[in-house]
Amino acid sequence: MPDRALDAQAFSETIRLRHAEARHRIVADITTILLDYVGPDEVEPLRRIVEKVTAALGDWCAFSLVGDDGILRQVAAYHPDVRQRELAVLVNQLVPPRQWDAGPEATNVLVQRRPLVFEEISDEMLRAGLPSDEAFAAMKEIGLASAILAPLLDGQKPLGTVILASAGRGGRRYTRDDVDFVVAIADRAALAVRNARLVQKLAEERDRLDRARAQAEERAAQMLAVFQADPNGIALFDANGVLRFVSPRVAELFGTNLEGFLGKHHDEAFRVDLRGDGNNEELMLQMRSIFADREHPSTDEFLVRKTNRWIRRSSTPVRSESGAYLGRMFVYMDVTAEKQLDRERSEFLTVAAHELRTPLTPLSMYLQGIERRLARGLPIEPELVVKARRQVGRLSRLVEDLLDVSRLESGRLTLSRDRVALDQIVSEVVSDFRAAAPQHEIVLRRPTRGVQAMGDRERLEQVVVNLVQNAIKYSPQGGRVEVSVERNGSQARVTVTDEGIGIPKDEQRHIFERFFRAQNATTRNYGGLGIGLYVSNEIVERHGGAFEVVSEPGKGTTFGFTIPLDESEPALEPGRARILVVDDDRAMLDATSSVLRDWGYAVDEAGDGETALRLLRAAKPDLMLVDLMMPVMDGWALVVRMRQDGLAEAVPLVVFSADSEANAHAKDLNAAAALRKPFSLDELQSVLGRLLPGTPPS
Ligand code: ADP
């Protein structure tokens, strides 16, 4: 029956064509699906293919992909039958995923890199591919009839696999004809996976760029904030020499608003006379040469007239990481204080050299004199040696002063802590100066009771010497210098008042600074290093005390300091009487006072009548010793004034004079006793014993 045979052949050919047509349609649909999806998810297109294929063929379709770890995992699988799907899930659980190249090579499509057709699947094949009986049982229930496996490749690189399988009773047997179809699906799927990965990579790249840009912007913002806050002014020019950034501090330093300079070339920007010295042409040329050199940093200094600030300008070329020239950064630093310090240092050296030369010149002269006399065999006058020694003394004091500054600065000035009688120190200093400064009247005021403090005797004496020395030095016309030591609450207080040139108000607060010398001293050529008060103040502060100054130019100055009294001071000595001594003869005044103090009396001294009146007003003495023969206001006039002013009521008066009429004068003045100069200490002692009976001299 050839016809029937022919029919059957024609029929099967028709079926085959229909099949082929249906598969073409599926492939075309898949192509459309893939074109529709442009996203980063590599599984999504595979899922859609699975859906399409299973819907059209009713067979198993599953995709697996090779992960970064090289393991092949199923990512999309479907079968229209629910039980089939359950079994597939079970098999998946029982068969752990493996490396893509594991297992027998002959049946591994990724190793073979070509599709494989399993027209019929035998139990042996299943057992060989499955690890357990359970898995085998599940597989058996699925009932795989036939399968085609194809690799998903990216060139030589394995991406994954696709499997098309028929299962169950009546499952189709695939033949070589079906391979083209599966390969077409595999090729499209591989393309879809590659596309999705590309999209993924692009998205990552874009994110990375976005992050990098955000980071760069943040860094730039931080850098600008740092530049803005920098105490130094900062300006940035780009590679073309155009100003791109300028911090507000630059404007402050130049005293000019620089907003309008941004975006301008340096030639244009520096046409403005920023330094205010009329030399902007020079500045412009300088900038040109700085910008012409793209290799080296630059530094220069200049004064901005407008703000009176010295500025150090440094610039450096700025380069990118790859070394490309990006421009130049300028840093403007205010070095005014540094300059000032430099100036002060060199001024100080000049002054110090001058001060050291002052005693050196006469010293050298005296030594030459001695040398000549020696050469000629003449005797050397002791006077010459004394004078030379005095200059050596001056020199050593200067050197000591300088050393004190260095000791203070290095913290090496140590103070001893002993019990010191401040009143005695002051009194001794005063009597030393009385001898040395005859044109000045130095008045001392001290309380009856001793003033004790804890401290360094020598250093405190140094402070008092310094104050009295300054008082004398800065009152060149002579006059009175009043030195007082007193108690003020828990403090001992020493003040020295002069009638000298005074210190201008605005300079008074600097007076204790190291090397500071007020205008009045420098313009009038008083020698000095500006060290004494600095050292004195430090000494007093280290004793826990403080300095004060009151001064009026042309009228005079009072320097005072306080230090804490010694707490452990013994109780008041009973019955120390106070005696006021008035004598214009300095030597006499000194001698009398010191004897009286030795005997335990408190003594106020006055070199003239006016001072005596002032002292009387301040504190009433227990006895007065008055010299009758004094210039200006003599003893007579003083006593009369005293009585008129009711100042010395009931104060016994002892007068002394050099003439033989002393006793008669005493009577005339209603004085308690008279002493004729020169009197003996015995005479003085007996008069005092009589007039101050409760306080016999020791
Ligand atoms: P020196 O006297 O060596 O210059 P000091 O430290 O003792 O240094 O004093 C500092 C400055 O204070 C002096 O240069 C002077 O200008 C001023 N000064 C100090 N004492 C007096 C004073 N009694 N009267 C006026 N000016 C004074």
Side-chain angles (χ1 to χ4, degrees), residues 343-345 347-360 393-409 413 426 429-430 433 436-437 439-444 459-484 493-542 545-561:
R343 206 171 43 240
E344 279 171 9
R345 191 176 301 133
E347 270 171 19
F348 170 73
L349 285 176
T350 314
V351 173
H354 172 80
E355 285 297 305
L356 291 170
R357 242 198 329 259
T358 311
L360 264 180
R394 270 176 79 184
L395 259 179
S396 1
R397 272 195 304 281
L398 275 171
V399 172
E400 245 348 275
D401 281 355
L402 286 169
L403 285 177
D404 276 350
V405 175
S406 113
R407 284 187 195 115
L408 276 171
E409 276 165 13
L413 188 112
V426 173
V429 172
V430 166
F433 274 101
Q439 323 81 302
H440 290 82
E441 184 203 350
I442 307 178
V443 181
L444 170 69
R459 289 297 179 183
L460 289 171
E461 182 177 320
Q462 181 182 352
V463 174
V464 181
V465 165
N466 193 20
L467 293 183
V468 179
Q469 203 169 33
N470 277 353
I472 292 167
K473 176 162 137 192
Y474 295 107
S475 52
Q477 75 291 359
R480 182 181 297 132
V481 172
E482 220 178 284
V483 185
S484 89
R493 183 159 180 266
V494 176
T495 57
V496 179
T497 304
D498 64 53
E499 300 171 337
I501 60 174
I503 305 162
K505 280 268 173 301
D506 55 334
E507 291 188 308
Q508 287 176 14
R509 64 203 155 94
H510 298 296
I511 213 80
F512 299 104
E513 288 168 14
R514 191 185 51 159
F515 308 141
F516 182 83
R517 310 203 63 228
Q519 289 279 334
N520 58 5
T522 47
T523 50
R524 296 191 214 183
N525 279 331
Y526 291 94
L529 289 171
I531 289 176
L533 284 179
Y534 164 68
V535 174
S536 299
N537 187 43
E538 292 283 327
I539 292 174
V540 165
E541 281 187 352
R542 284 173 197 215
F547 246 101
E548 61 195 8
V549 57
V550 181
S551 182
E552 201 170 322
K555 293 232 164 109
T557 305
T558 296
F559 274 102
F561 70 87

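One-based numbering, in listed order, for ligands and for the atoms of each.
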Discussion item. Strictly distance-based, threshold 3.5 Å: is any side-chain N or O of R517 a donor or acceptor partner for the main-chain N or O of G527?
Written reply: yes
Practice prompt. State whether the side chain of S406 and the backbone N or O of L402 hold a donor-acceptor pair below 3.5 Å, judged by distance alone.
Written response: no
Item to complete: Step through the shown structure and confirm whether more than 12 heavy atoms of other residues, nucleotides or ligands are within 6.0 Å of CD on Q519.
Response: no
Item to complete: May I ask you to list the atoms of ligand 1 that are less than 4.0 angstrom from any heavy atom of I531?
Response: 6 (O), 8 (O)
Response to the item:
Heavy-atom proximity to atom 19 (C) of ligand 1, picking from V351, N470, D401, V496, points to N470
Discussion item. Heavy atoms only, cut-off 4.0 Å: how does D498 contact ligand 1, side chain, backbone, both, or neither?
Written reply: side chain
Worksheet item: Of the protein's non-hydrogen atoms, which lies at the shortest distance from atom 9 (O) of ligand 1, and what is that distance?
Response: L533 CD1, 3.6 Å
Worksheet item: Taking all atoms of both residues into account, what is the closest heavy-atom pair of D506 and R509, and its distance?
Response: O-NE, 3.7 Å
Discussion item. Any nitrogen or oxygen of G532, side chain or backbone, less than 3.5 Å from one on ligand 1?
Written reply: yes
Item to complete: Would you please determine whether G500 falls within less than 4.0 Å of ligand 1 on a heavy-atom basis?
Response: no
Discussion item. Tell me whether E499 contacts the main-chain N or O of R480 through its side chain, where contact means a donor paired with an acceptor under 3.5 Å.
Written reply: yes
Discussion item. Only heavy atoms of A518, strictly under 4.0 Å: list the atoms of ligand 1 that pass.
Written reply: 14 (O), 16 (O)
Response to the item:
atom 4 (O) of ligand 1 has as its nearest protein heavy atom R517 NE, 2.6 Å
Worksheet item: How close does the nearest protein non-hydrogen atom get to atom 12 (O) of ligand 1, and which residue and atom is it?
Response: I511 CD1, 3.2 Å
Worksheet item: Can any side-chain N or O of K505 pair as donor or acceptor with the backbone N or O of S551 at less than 3.5 Å?
Response: yes
Worksheet item: So do the side chains of I501 and Y526 get within less than 4.5 Å of each other, counting heavy atoms only?
Response: yes
Worksheet item: At what distance is the nearest protein heavy atom to atom 26 (N) of ligand 1, and which residue and atom is it?
Response: I503 CG1, 3.2 Å
Worksheet item: Taking both backbone and side-chain atoms of G527, is any N or O found less than 3.5 Å from an N or O belonging to ligand 1?
Response: no
Worksheet entry | Numbered atoms of ligand 1 (with element) below 4.0 Å of K473, judged on heavy atoms | 1 (P), 2 (O), 3 (O)
Worksheet item: Counting only heavy atoms, which portion of E507 has something under 4.0 Å from ligand 1: side chain, backbone, both, or neither?
Response: neither
Item to complete: Using atom types as modelled and distance alone, determine if a side-chain donor or acceptor of H440 lies under 3.5 Å from a backbone N or O of A471.
Response: no
Worksheet, complete the sentence: When every non-hydrogen atom of V351 is compared with those of G528, the smallest separation belongs to CG1-O, 3.2 Å
Discussion item. Test of understanding: given a 4.0 Å heavy-atom threshold, classify the contact between L529 and ligand 1 as side chain, backbone, both, or neither.
Written reply: backbone
Practice prompt. Using atom types as modelled and distance alone, determine if a side-chain donor or acceptor of D498 lies under 3.5 Å from a backbone N or O of T557.
Written response: yes
Worksheet, complete the sentence: Nearest non-hydrogen contact to atom 22 (C) of ligand 1 from the set F516, Y474, F512 belongs to Y474
